[in-house]
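Structure first, commentary second.
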Amino acid sequence: MTAVAAPSVASLVQSVDWLAIAPPTIAAVVALVVLVADLFLGEHRKALLGWVSVAGLAAAALALLPLLDGDRSTFCLKTLKGEQAACSYTADHFTLVIQFLVLAGALLTALLSITGIKDAKNTPRALPEGEFWFLLLSSAAGAALLPASRDLATLVVALEVASLPAFALVGIKRDDRRSSEAALKFFLSSVTATAVTLLGVSFVYATTGTLHLTRIATALTHVDGQFHTLAQAGVALTLVGFAFKTAAVPFHFWVPDTYVGAPLPVAAYLSVIGKAVGFSGIILVTVVAFPSYADVWGPALAALAALTMTVGNVAALRQQATRAYSAVRLLAWSSVGQAGYLLVPIAAAAYSKDADKAIGSTVAYALMYAAVNLGAFAVAALVARTKPLNRISDYRGLYRSRPLAALVLGFFLLCLAGLPPGIIGLFAKVTVFSAAVDAGLGWLAVVMAVNVVIALYYYLQWTATLFRSAEGEQGVQRIPAPLTAAIGLTAVIGVVLSGAPQMVLRFASTGLF
């Protein structure tokens, strides 16, 4: 009996590399520190929690630097000879790029949130500071964990750790019916998607007998014929939860109401970090775990990409400038359209001989989108301080009252449209377009080209509004330092990348896996 049990025990021996797991761990530890500190700080000192959160996110991002010297893995199963059989956490180049995107995005969100919480203080809709920062940091920790996950159990846990605090953040505005309804819709639709994903994971486990992505990839190449349909169903269903996080059609219906009901910094967070979580999950399960079933997920993702970009852009085109919260709704529908572009290279990876290059196009586009979309939300937060209904018509004459803010927002919108001087946006769209063409998906490239033209109209229309004559006097307030920092940082990143766009593609696609 002892001889039989020994191999099993030996195979369960795991190694822990604390440096590799430092980025998500720091975010999680700071979240707990903030939660405990909130119990002992008086109301007049709770603003410190925001700056502690900013410092914690900055420290988590800096913890990525020691990991640049090479791939590191931990929580590994080992054979009796001490060799690594499979690992649950891997800090490779792909992981580091996505973790940088997540933590930098969360840091910018925190800067936006400091101003938002301060403005809401001493009003009926004041936000509970301790709870807000704890939830934001917890979600960021889950989002940073997900790209490093290399087994389906850890992937699903990371997805939920990133998602559950986000539900509470959406509904954190007290006595706000719109916020409560948005949180409920977000929660119910997400739980349904997660249930479907777990069903898919159970099917994959039933057919392969393992949860580690690399072992699944090997096992799926010789699935018994009678389990082939079950494996195909498992592959398709596993993608549902991640497609929901990316706001891919038809899993997108929660987006506009959720963005409008949530505090504006939370909407910015969901539009960038939420998408990074979803896309990194899709990339891992398709390219790493299910490469042999590319004939299943390739056409499915291509159809999702075409449908998503079309629905998102057409809906954004229909937004009325005088409707309440139309600016936020346009950004919400725009984010759905952008999700369609992001799906194109992942679908192309199923048909391409160089999947690494195709995935690099998605990661590069995600980096560009994160910077400029957070910047657009930052300017929207600035306008909302004097025009809380945040209509597109409220931006009329912004150049006269705040010329720098108008120029920056115009630059961000041109980046999203892919027009000069937003060279980084044009470069990102070209890389995505070329990925589709190289993979032989000419029809998808045509659909993308049509959607880019549709998007040009509403982006340019909003940009033109910034420079029109204002109706009445424009109120001008002093811009708080955190909000100024968020707008300035995103503007600098956008300008620098537009000057050297090749840096993004090189950074995003060099040795991803």
Exercise. Can you sort out the partners of Y395 under ring-ring contact (aromatic ring centres under 6.0 Å, His included), two or more places apart, ordered by chain and number?
Key: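 Partners of Y395 under the ring-ring contact (aromatic ring centres under 6.0 Å, His included) test: W462.
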
Minimum side-chain heavy-atom gap [X]-[Y] below 4.5 Å:
| X | Y | value |
| --- | --- | --- |
| R391 | Y325 | no |
| P263 | I172 | yes |
| T90 | R72 | no |
| L374 | L489 | no |
| R396 | L466 | no |
| L136 | P165 | no |
| K118 | P480 | no |
| T465 | L398 | no |

Rounded to the nearest 0.5 Å, how far apart are [atom1] of [X] and [atom2] of [Y]?
| X | Y | atom1 | atom2 | result |
| --- | --- | --- | --- | --- |
| L111 | L107 | CG | CG | 5.0 Å |
| Y259 | S334 | OH | OG | 9.5 Å |
| L331 | Q338 | CG | CD | 10.5 Å |
| K429 | I424 | NZ | CD1 | 10.5 Å |
| W333 | Q319 | CH2 | CD | 8.0 Å |
| L264 | R385 | CG | CZ | 12.5 Å |

Determine yes or no for a side-chain-to-main-chain donor-acceptor pair under 3.5 angstrom, with [X] supplying the side chain and [Y] the backbone.
| X | Y | value |
| --- | --- | --- |
| R150 | P147 | yes |
| S179 | D176 | no |
| T362 | L342 | yes |
| S149 | L145 | yes |
| T286 | I283 | yes |
| T431 | A428 | yes |
| S326 | T322 | no |

Quiz item: Mind checking whether F467 and Y399 have parallel, tilted or perpendicular rings, split at 30° and 60°?
Solution: tilted

List in chain and number order the residues that pass side-chain contact (heavy atoms from CB on, under 4.5 Å) with [X], two or more places apart in sequence or in another chain; answer none if no residue qualifies.
| X | result |
| --- | --- |
| F251 | V240, A243, F244 |
| A148 | Y89, T95, Q99 |
| I423 | P420, S498, P501 |
| L184 | L188 |

Practice problem: Begin with the C-alpha distance, continue with both residues' side-chain angles, and end with the deciding distance and a verdict on side-chain contact (heavy atoms from CB on, under 4.5 Å) for L497 and F427. | Solution: CA-CA 10 Å; L497 294 183; F427 179 80; over 6 Å; no

Practice problem: Give a yes or no on whether F187 atom CZ has more than 12 heavy-atom contacts from other residues, nucleotides or ligands under 6.0 Å away. | Solution: no

Quiz item: Under 6.0 Å from the CZ atom of F253, do we count more than 12 heavy atoms belonging to anything else shown?
Solution: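 Correct, the count exceeds 12.
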
Exercise. Let me see the working for H252 and T308 under side-chain contact (heavy atoms from CB on, under 4.5 Å), right down to the final yes or no.
Key: CA-CA 8 Å; H252 71 292; T308 300; over 6 Å; no

Determine the minimum heavy-atom distance between [X] and [Y], stating which atoms define it.
| X | Y | result |
| --- | --- | --- |
| T246 | F279 | CG2-N, 3.5 Å |
| L304 | V249 | CD2-O, 2.7 Å |
| I273 | A106 | CD1-N, 3.8 Å |
| G422 | F411 | CA-CE1, 3.9 Å |
| I493 | A371 | CG2-CB, 3.8 Å |
| L414 | P421 | CD1-CD, 3.6 Å |

Quiz item: Applying side chain to side chain donor-acceptor pair (under 3.5 Å), which residue pairs with at least one partner in residues 44-67 are found, sequence neighbours left out?
Solution: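 Pairs touching residues 44-67 that pass the test: D38-K46.
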
Exercise. Go through L413 and V372 one step at a time and tell me if the side-chain contact (heavy atoms from CB on, under 4.5 Å) criterion holds.
Key: CA-CA 8 Å; L413 293 174; V372 299; over 6 Å; no

Practice problem: Check step by step if side-chain contact (heavy atoms from CB on, under 4.5 Å) holds for N313 and V336. | Solution: CA-CA 8 Å; N313 285 316; V336 175; over 6 Å; no

Exercise. Report the residue from R177, R178, K185 that forms a salt bridge (Lys or Arg N to Asp or Glu O under 4.0 Å) with E181.
Key: R177

Exercise. Indicate whether the side chain of S113 and that of Y269 have a donor and an acceptor atom separated by less than 3.5 Å.
Key: no

